[in-house]
Undergrad: 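I have a structure I would like to understand better, so I am pasting it below and will then ask my questions one at a time.
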Amino acid sequence: MKKRVLLLFMMSVLLVMTGCGEVEVASNFEYNAATMVSMNQSIIDQYHDVSDMQYDFYMSDGTDLEKSAVSGFRMAETTDHVGKFIGNDTNTDNVKFVDGSDGQILCTTRCNYQNRNVDVTVYYKENKEYSVIKADYYQQLVQGMQQQGYTDINEYVKAMASAYGMQADSVDSFLDDIMMNNGQISPYTAVDCEVSAVYTKGELLKKAGINTAIGMITVFAVLIFIAFIIWLLKFIPVFLEGGKKEKKEKKEKDSGSDTASKNEDKTVTPIPPVFANAAVPEVGEEVKDEALIAVITAALYAYLGDGGKTAVPHFTDSKDKLFVRSIRRVR
């Protein structure tokens with residue numbers, strides 16, 4: 001049991017030490033760390049503090065590197081409120097080198113500001129033309145070594161660096177410094193830049209929590225609004241039925257008034273005076289032919305409603321051939 005506990009403890013310590021000692025190293029192409037850090041420093045010095053006129057010029061006519069650099073520094077100052085620029089860490093041990101896409105190398109340098117630090121990441125790609133020019137410089141360096149009577153090129157480089165007030169760790173770094181100081185092309189081409197304020201984990205968690213809360217509140221507000229709209233839908237049929245009912249009542253009212261007006265306009269055919277005084281015979285009473293004819297004729301007048309022109313043609317000028325000769329009661 002003790003051996004197992006000891007083994008687990010040793011493995012955990014090994015993992016912690018491995019995580020602490022992990023160093024990000026790029027390998028897309030061979031590079032000189034000091035030279036790349038120096039190029040980062042030049043970019044930071046040039047773009048971290050520009051005037052409004054320079055900012056407008058870079059944003060309108062500048063390259064992608066210039067646009068991203070000046071806009072990133074301006075956003076860090078205005079949005080993140082990093083404060084006044086103090087300086088940046090030029091120690092290569094604190095600089096991160098990471099492989100990027102398309103064979104690029106990302107070099108990240110940390111800048112110190114008054115309120116909050118800022119990381120500046122520059123995207124570099126290899127300049128293949130630089131190797132050709134560097135080979136020419138190397139040949140000139142060998143010729144100078146022979147003329148000066150040196151047999152070891154490293155000793156000659158140290159002497160030359162001392163004469164120029166430079167520090168040369170190797171022949172490559174010396175040639176890089178000489179070419180850059182002479183205004184020659186750089187060994188690496190900076191294509192883009194990213195500026196980001198540095199936040200602690202606690203601040204990032206707090207910010208993430210605020211964003212999550214805002215998102216959840218927004219979602220619930222939208223859901224409540226949708227539920228309210230759905231609740232209102234049940235009143236739509238009531239409004240529609242009420243409107244239909246009003247229209248129906250109005251239609252019935254209009255139709256009733258039209259019927260009344262038609263009834264008023266309808267002419268009632270008066271019974272001729274000759275039949276007006278005709279008495280209706282009672283049951284069992286003997287009815288004379290004249291009275292019976294008068295009653296039947298009046299009934300026809302009232303039933304047909306056309307003045308009796310069809311039923312009693314002998315009172316009119318009708319051309320019909322119908323004549324009533326006599327009416328007899330059937331016994």
Side-chain angles (χ1 to χ4, degrees), residues 16-50 54-55 58-59 62-128 130 167 169-170 172-173 176-177 179-180 185-208:
V16 171
M17 293 179 64
T18 302
C20 293
E22 183 179 357
V23 179
E24 298 183 62
V25 180
S27 59
N28 276 340
F29 58 84
E30 294 183 1
Y31 65 94
N32 186 292
T35 302
M36 196 169 285
V37 170
S38 179
M39 293 180 66
N40 265 25
Q41 177 65 40
S42 300
I43 293 173
I44 293 170
D45 293 339
Q46 184 176 358
Y47 301 116
H48 85 275
D49 186 16
V50 296
Q54 290 174 328
Y55 177 83
Y58 286 133
M59 294 303 297
T63 62
D64 293 339
L65 172 67
E66 292 171 341
K67 291 179 180 179
S68 58
V70 296
S71 61
F73 282 113
R74 182 63 63 91
M75 186 174 294
E77 294 173 359
T78 57
T79 304
D80 298 306
H81 305 289
V82 295
K84 186 178 180 181
F85 178 79
I86 299 174
N88 60 289
D89 192 354
T90 58
N91 188 359
T92 56
D93 294 335
N94 298 329
V95 178
K96 296 180 181 179
F97 299 92
V98 183
D99 287 332
S101 59
D102 299 332
Q104 298 175 354
I105 289 180
L106 280 59
C107 179
T108 302
T109 303
R110 176 158 295 184
C111 298
N112 299 322
Y113 277 79
Q114 182 178 1
N115 300 328
R116 188 183 302 279
N117 293 333
V118 174
D119 282 344
V120 180
T121 302
V122 183
Y123 296 67
Y124 292 101
K125 68 178 182 179
E126 187 178 11
N127 190 352
K128 297 182 179 179
Y130 181 82
Q167 293 182 353
D169 298 333
S170 62
D172 288 338
S173 62
D176 291 337
D177 293 340
M179 293 175 66
M180 293 181 66
I185 60 175
S186 303
Y188 325 110
T189 303
V191 294
D192 201 357
C193 180
E194 181 180 346
V195 182
S196 57
V198 180
Y199 288 90
T200 62
K201 292 183 178 180
E203 291 174 333
L204 292 176
L205 290 174
K206 182 179 179 180
K207 192 173 182 179

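What's counted below: heavy atoms across the whole structure, side chains too, no hydrogens, waters or symmetry copies.
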Undergrad: Counting C-beta onward and ignoring hydrogens, is there a side-chain heavy-atom pair between Val198 and Arg110 closer than 4.5 Å?
TA: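 In contact.
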Undergrad: Check for a donor-acceptor pair, side chain of Asp119 on one end and backbone N or O of Ser196 on the other, with a separation under 3.5 Å.
TA: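 Such a contact is absent between Asp119 side chain and Ser196 backbone.
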Undergrad: Do Tyr199 and Arg116 have side chains that get closer than 4.5 Å, going by heavy atoms?
TA: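 Contact flag for Tyr199/Arg116 side chains = yes.
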Undergrad: Got a second to check how far Ile105's CD1 is from Asn28's CG, nearest 0.5 Å?
TA: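 Here the interatomic distance stands at 5.5 Å.
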Undergrad: Determine the minimum heavy-atom distance between Phe97 and Cys107, stating which atoms define it.
TA: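 Reported closest heavy-atom pair: CE2-SG, 3.6 Å.
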Undergrad: Can you confirm whether the side chains of Glu126 and Tyr31 place a donor and an acceptor under 3.5 Å from each other?
TA: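 Looking only at side-chain atoms, Tyr31 and Glu126 do not form any donor-acceptor pair under 3.5 Å.
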Undergrad: Quick one: NZ on Lys67 to OH on Tyr55, what's the gap to the nearest 0.5 Å?
TA: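 The distance works out to 11.0 Å.
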Undergrad: Might you work through the ring-ring contact (aromatic ring centres under 6.0 Å, His included) test for Tyr58 and Tyr47, ending with a clear yes or no?
TA: CA-CA 10 Å; Tyr58 286 133; Tyr47 301 116; 5.4 Å; yes
Undergrad: If we ignore angles and hydrogens, is there a donor and acceptor under 3.5 Å between the side chains of Ser68 and Asp192?
TA: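 There is such a pair between these side chains.
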Undergrad: Just do the side chain to side chain contact (heavy atoms under 4.5 Å, CB included) check on Gln54 and Val70 with the steps written out, would you?
TA: CA-CA 9 Å; Gln54 290 174 328; Val70 296; over 6 Å; no
Undergrad: Which heavy atom in Asn88 sits nearest to a heavy atom in Thr109, and how many Å separate them?
TA: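 Closest approach of Asn88 to Thr109: ND2-CG2, 3.8 Å.
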Undergrad: Quick one, Phe73 and Val120 - any side-chain contact, counting heavy atoms below 4.5 Å?
TA: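 Counting from C-beta outward, Phe73 and Val120 do come under 4.5 Å.
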Undergrad: Tell me, yes or no, whether the heavy-atom count around Asp45 atom CG, taken from other residues, nucleotides or ligands under 6.0 Å, exceeds 12.
TA: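 Correct, the count exceeds 12.
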Undergrad: Which heavy atom of Gly62 sits nearest to which heavy atom of Glu66, and what is that distance?
TA: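 Smallest heavy-atom distance, with atoms named: CA-OE1, 3.1 Å.
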Undergrad: For Phe85 and Cys111, which heavy atoms make the closest approach, and how far apart are they?
TA: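 Closest approach of Phe85 to Cys111, heavy atoms only: CE1-CB, 4.0 Å.
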Undergrad: Could you check if a side-chain atom of Met75 sits within less than 4.5 angstrom of a side-chain atom of Val195, using non-hydrogen atoms only?
TA: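 Not in contact.
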Undergrad: State, yes or no, whether a side-chain contact exists between Tyr188 and Asn127 at a heavy-atom distance under 4.5 Å.
TA: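 The answer is no; the side chains never approach within 4.5 Å.
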Undergrad: Assess whether atom NZ of Lys125 is packed by more than 12 heavy atoms of other residues, nucleotides or ligands within 6.0 Å.
TA: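 No, because the 6.0 Å sphere around NZ of Lys125 holds 12 heavy atoms or fewer from other groups.
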Undergrad: Judged by modelled atom types alone, do Tyr124 and Asn40 share a side-chain donor-acceptor pair under 3.5 Å?
TA: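 Looking only at side-chain atoms, Asn40 and Tyr124 do form a donor-acceptor pair, the distance falling under 3.5 Å.
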Undergrad: Does Pro187 reach the side chain of Asn32, with side-chain heavy atoms less than 4.5 Å apart?
TA: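 No - every pair of side-chain heavy atoms lies 4.5 Å or more apart.
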Undergrad: Do you know the tightest heavy-atom contact between Leu106 and Gly100?
TA: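 Distance-wise, the nearest heavy atoms are CD1-CA, 3.5 Å.
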Undergrad: How long is the straight-line distance from NE2 of His48 back to CD1 of Ile43, given to the nearest 0.5 Å?
TA: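 Rounded to the nearest 0.5 Å, the CD1-NE2 separation comes out at 14.0 Å.
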Undergrad: Determine yes or no for a side-chain-to-main-chain donor-acceptor pair under 3.5 angstrom, with Asn115 supplying the side chain and His81 the backbone.
TA: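 Between the backbone of His81 and the side chain of Asn115 there is a qualifying donor-acceptor contact (under 3.5 Å).
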Undergrad: Check whether more than 12 heavy atoms from other residues, nucleotides or ligands sit under 6.0 Å from atom CD of Gln114, and answer yes or no.
TA: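 Yes, CD of Gln114 has more than 12 neighbouring heavy atoms, counting only those of other groups under 6.0 Å.
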